Amino acid sequence: MPVDEALTALRIDGERFRADFEALAGIGATGDGGVHRPALSEPHLEARAWFRERVTAAGLRFHTDGAGNHSAVLACGPAGAPTLLLGSHLDSVPYGGRFDGPLGVLAALEALRMVQEAGVSLSVHLEAIDFTDEEGTLFGELGSTALAGTLTAEALRESRGGRATLEAGLARAGLTEAGLLTARRDPASLAGYLELHIEQGPRLADAQVDIGVVTGIVGMASYRLAFVGRADHAGTTSMADRRDAGLGASAFALAAREVVIDDFPGCVANVGDMRFAPGAFNIIPAQVALALEFRAPEPALFRRLEEVLMERARAEAQRFGLGLEVERLGWLDPAPMSKVAQRAFVEAADALGLRHVSLFSGAGHDAQSLASLCPVGMIFVPSVGGASHSPREFTRWADCVNGANVLLQAALRMAIDGARP
Ligand code: GLV
Ligand code: MN
Ligand code: MN
């Protein structure tokens, strides 16, 4: 099919796309509509093996790298041409939803199959990629930071899921830390990266808009804070004499909320876990390790929020007579999306007669790691009720198909135009 005809006529095969989606959603299914596929767990490895089988069944070349990123490759451009990546991730948060990640990987695979079947020649090659550990069970955007060349041995030593989890996961998948550091790609080899994802919030559904064209992705930081007190008898120690680590950690969680609401519009903070030690009814908590994440839309605000939260952590520790240990376990800068990619998505949505709006992403995505490497772009499709990172996550199938068609058509536009400034 000539490329001009493909631009007007080529659409994904919605039936095949759906059959793949349903099959994949069965791997690690939790029985309540969700999936449990933390990065490099057994169900995640099973999903990766399934994807690999679908790639070869489609007659596409399977490729993997030192970070365990899995790809389907379609050589549809001239020899030596750069590659346009399309994709997302197959791992999930613990007890998450079935759409977050797989939708983008399967839409990418379907786009490659359509281009292959139509025999369209482009100015670039296409690659549908599943990135390792987007969700941060181990590290966060692990495969994409490895591919971007921003992953370091030092950062791996302080991965947010903990060393033991990282080592066990890598061993299960046959990966190594040294291998992770070899996955970097040459920017000249890439024409860009496009990703379809669910919105994970209510804006598109509320406004009854089909497609969200992402303008930028929020910066995300992960910290482990340990409030350190003293174990004592819970019955015989007076209230005045206690050094109760639980009070410092709890007061900090409330203070973080207050700080963000009062002074940091557009930002968020989350205390997602607290571990009490020794952890008994009748012992005053000697230590509480708390998992803190905070996010901000632009760099200056992000750094200021970090300063203020750390100040508050120190203040709350002092107030309850505690020590404080601070570990920074992850930092991803906010990333703007490429204007070229945004334009390709807008043109594709217009050509398909779909309503679209530009919006900013409060969720993290592999596109943000790749933004330093090549032109990147994302679109969102509506999430019913805005639910995500939950089995309640749901997107109507017609919206999934719309998103996949916009991805395909935008990829064709990028492939024809190249990376226009
Ligand atoms: C990834 O989904 C994140 O935003 O945590
Ligand atoms: Mn995701
Ligand atoms: Mn997610």
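Being a predicted model, the structure only gives us computed values, none of them experimental. Numbers for residues simply follow the sequence, beginning at 1. As the structure lists them, so they are numbered: ligands from 1, and atoms in each ligand from 1.
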**Report entry** Minimal non-hydrogen separation, A81 against S123, with atom names
**Finding:** CB-O, 3.4 Å
Query raised in the report: Between R304 and E307, does at least one N-O distance fall below 4.0 Å, as a salt bridge requires?
Result: yes
Query raised in the report: Does the pair R163/E327 count as a salt bridge with the N-to-O cut at 4.0 Å?
Result: no
Query raised in the report: Is the shortest side-chain N to carboxylate O distance from E15 to R18 below 4.0 Å?
Result: no
Query - Option among E195, E134, H365 that satisfies the side-chain hydrogen bond (donor to acceptor under 3.5 Å, both in side chains) test with S88 - result: E195
Nitrogen or oxygen contacts under 3.5 Å, ligand 1 side and protein side:
from: ligand 1; atom 1: 2 (O); to: E135; atom 2: OE1; distance (Å): 3.0
from: ligand 1; atom 1: 2 (O); to: H389; atom 2: NE2; distance (Å): 3.1
from: ligand 1; atom 1: 4 (O); to: R295; atom 2: NH1; distance (Å): 2.7
from: ligand 1; atom 1: 4 (O); to: R295; atom 2: NH2; distance (Å): 3.3
from: ligand 1; atom 1: 4 (O); to: G364; atom 2: N; distance (Å): 2.7
from: ligand 1; atom 1: 5 (O); to: R295; atom 2: NH2; distance (Å): 2.8

Requested in this report: Check whether any side-chain N or O of D133 sits under 3.5 Å from a backbone N or O of F139 as a donor-acceptor pair, and report yes or no.
Outcome: yes
Requested in this report: Indicate whether the side chain of S222 and that of E293 have a donor and an acceptor atom separated by less than 3.5 Å.
Outcome: no
Requested in this report: Have a look around the Mn ion (ligand 2) and list protein N/O/S atoms under 2.8 Å, or say none.
Outcome: H89 NE2, D100 OD1, H197 NE2
Query raised in the report: Would you call E316 and R319 a salt bridge, using N to O less than 4.0 angstrom?
Result: yes
Query raised in the report: Ion pair present between R54 and D20, side-chain N to carboxylate O less than 4.0 angstrom?
Result: yes
